[in-house]
K.L.:
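The structure follows.
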Amino acid sequence: MVKNHEQVTATGRKAFSNIVCSEPLVLVNFVTEWCGPCNMMKSVLEELKLFIGDKARILKVDIEKDRTLADQYDITDVPTYVLFRNGRIVWRQAGPVIPSRLRELIRENS
């Protein structure tokens, strides 16, 4: 398994903000451990990271472990994906996303 899906924890909130604001493109995956669709999307995101390389960073936030970030971004459904470009939200979607759509989003925004 490729380790490319960085987990953000409650102690990493400041790091989250720094990453989202300092990296050109960041895809954030808001999940829970018990979410079936979230678990299905793991392999999709691993493939995506192999495809996009350094064009974007992928972060995972467990909303049950970090309610503050979930509340800050009004996350009520999982999985929810939020794409940040230079610290600003450019795309957001709840529910599973087809791999080609994620690749297209990264390409369009990089």
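What you see is a predicted model; the values in this text were computed from it and never measured. Positions are given from 1 along the sequence.
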K.L.:
Does some side-chain heavy atom of Tyr81 sit less than 4.5 Å from a side-chain heavy atom of Leu45?
P.N.:
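Of all side-chain heavy-atom pairs linking Tyr81 with Leu45, at least one is under 4.5 Å.
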K.L.:
Which atom pair, heavy atoms only, marks the closest approach of Lys60 to Val31?
P.N.:
CG-CG2, 3.6 Å
K.L.:
Can you find a heavy atom in the side chain of Ile89 that is under 4.5 Å from one in the side chain of Tyr73?
P.N.:
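Ile89 reaches Tyr73 side chain to side chain.
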K.L.:
When you look at Arg103 and Ser100, which way does the side-chain contact (heavy atoms from CB on, under 4.5 Å) test go after all the steps?
P.N.:
CA-CA 5 Å; Arg103 287 191 303 269; Ser100 61; 3.6 Å; yes
K.L.:
Mind checking whether Thr32 and Cys35 have side chains closer than 4.5 Å, heavy atoms only?
P.N.:
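The answer is yes, as the side chains (C-beta and beyond) meet within the 4.5 Å cut-off.
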K.L.:
Would you find a donor on one side and an acceptor on the other, under 3.5 Å apart, between the side chain of Lys49 and the backbone of Ala56?
P.N.:
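Yes: the side chain of Lys49 pairs with the backbone of Ala56.
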K.L.:
Could you go through Leu48 and Leu27, starting from their C-alpha distance and side-chain angles, then the distance that decides it, and tell me whether this counts as side-chain contact (heavy atoms from CB on, under 4.5 Å)?
P.N.:
CA-CA 11 Å; Leu48 176 66; Leu27 178 64; 3.8 Å; yes
K.L.:
Assess the residue pair Phe84 and Val28 against the criterion (side-chain contact (heavy atoms from CB on, under 4.5 Å)); give the C-alpha distance rounded to whole Å, side-chain angles, the decisive distance to 0.1 Å, and a yes or no.
P.N.:
CA-CA 8 Å; Phe84 292 85; Val28 181; 3.6 Å; yes
K.L.:
Can you tell me if Asp66 uses its side chain to pair, donor with acceptor, with the backbone of Asp62 under 3.5 Å?
P.N.:
no
K.L.:
Roughly how far, to the nearest 0.5 Å, is CD of Glu23 from CG of Asp54?
P.N.:
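Going from CG on Asp54 over to CD on Glu23, the span is 9.5 Å.
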K.L.:
When you compare the side chain of Glu64 with that of Val78, does any pair of heavy atoms fall below 4.5 Å?
P.N.:
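Not in contact.
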K.L.:
So, Asn29 side chain and Ile58 main chain: donor-acceptor pair closer than 3.5 Å or not?
P.N.:
no
K.L.:
Quick one: CZ on Phe51 to CD1 on Ile106, what's the gap to the nearest 0.5 Å?
P.N.:
10.0 Å
K.L.:
How close do Pro37 and Pro96 get, heavy atom to heavy atom, and via which atoms?
P.N.:
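Answer, listing the atom of Pro37 first, then Pro96: CB-CG, 3.8 Å.
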K.L.:
Between Lys55 and Leu25, is any pair of side-chain heavy atoms under 4.5 Å apart?
P.N.:
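No; the side chains remain at least 4.5 Å from each other.
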K.L.:
Looking at CG of Leu83 and CG of Leu105, how far apart are the two atoms once the value is rounded to the nearest 0.5 Å?
P.N.:
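Result: 6.0 Å between the selected atoms.
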K.L.:
Please report the interatomic distance CD1(Ile63) to OG1(Thr80), rounded to the nearest 0.5 Å.
P.N.:
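Spacing of CD1 (Ile63) from OG1 (Thr80) equals 7.5 Å.
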K.L.:
Does Ile52 share a hydrophobic cluster with Val90, counting links as ILVMFWY side-chain heavy atoms below 4.5 Å and allowing steps through other members?
P.N.:
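Yes: a chain of side-chain contacts under 4.5 Å links Ile52 to Val90.
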K.L.:
Run the side-chain contact (heavy atoms from CB on, under 4.5 Å) test on Ile19 and Arg57 for me, step by step, so that the C-alpha distance in whole Å, both residues' side-chain angles and the decisive distance to 0.1 Å come before the verdict.
P.N.:
CA-CA 9 Å; Ile19 291 168; Arg57 196 159 176 181; 3.7 Å; yes
K.L.:
For residues Glu108 and Trp91, is any side-chain donor paired with an opposing acceptor at under 3.5 Å?
P.N.:
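Side-chain D/A pair, Glu108 to Trp91: absent.
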K.L.:
Between Arg101 and Glu104, does any NZ, NE, NH1 or NH2 come within less than 4.0 Å of an OD or OE carboxylate oxygen?
P.N.:
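Between Arg101 and Glu104 there is a salt bridge, with a charged N closer than 4.0 Å to a carboxylate O.
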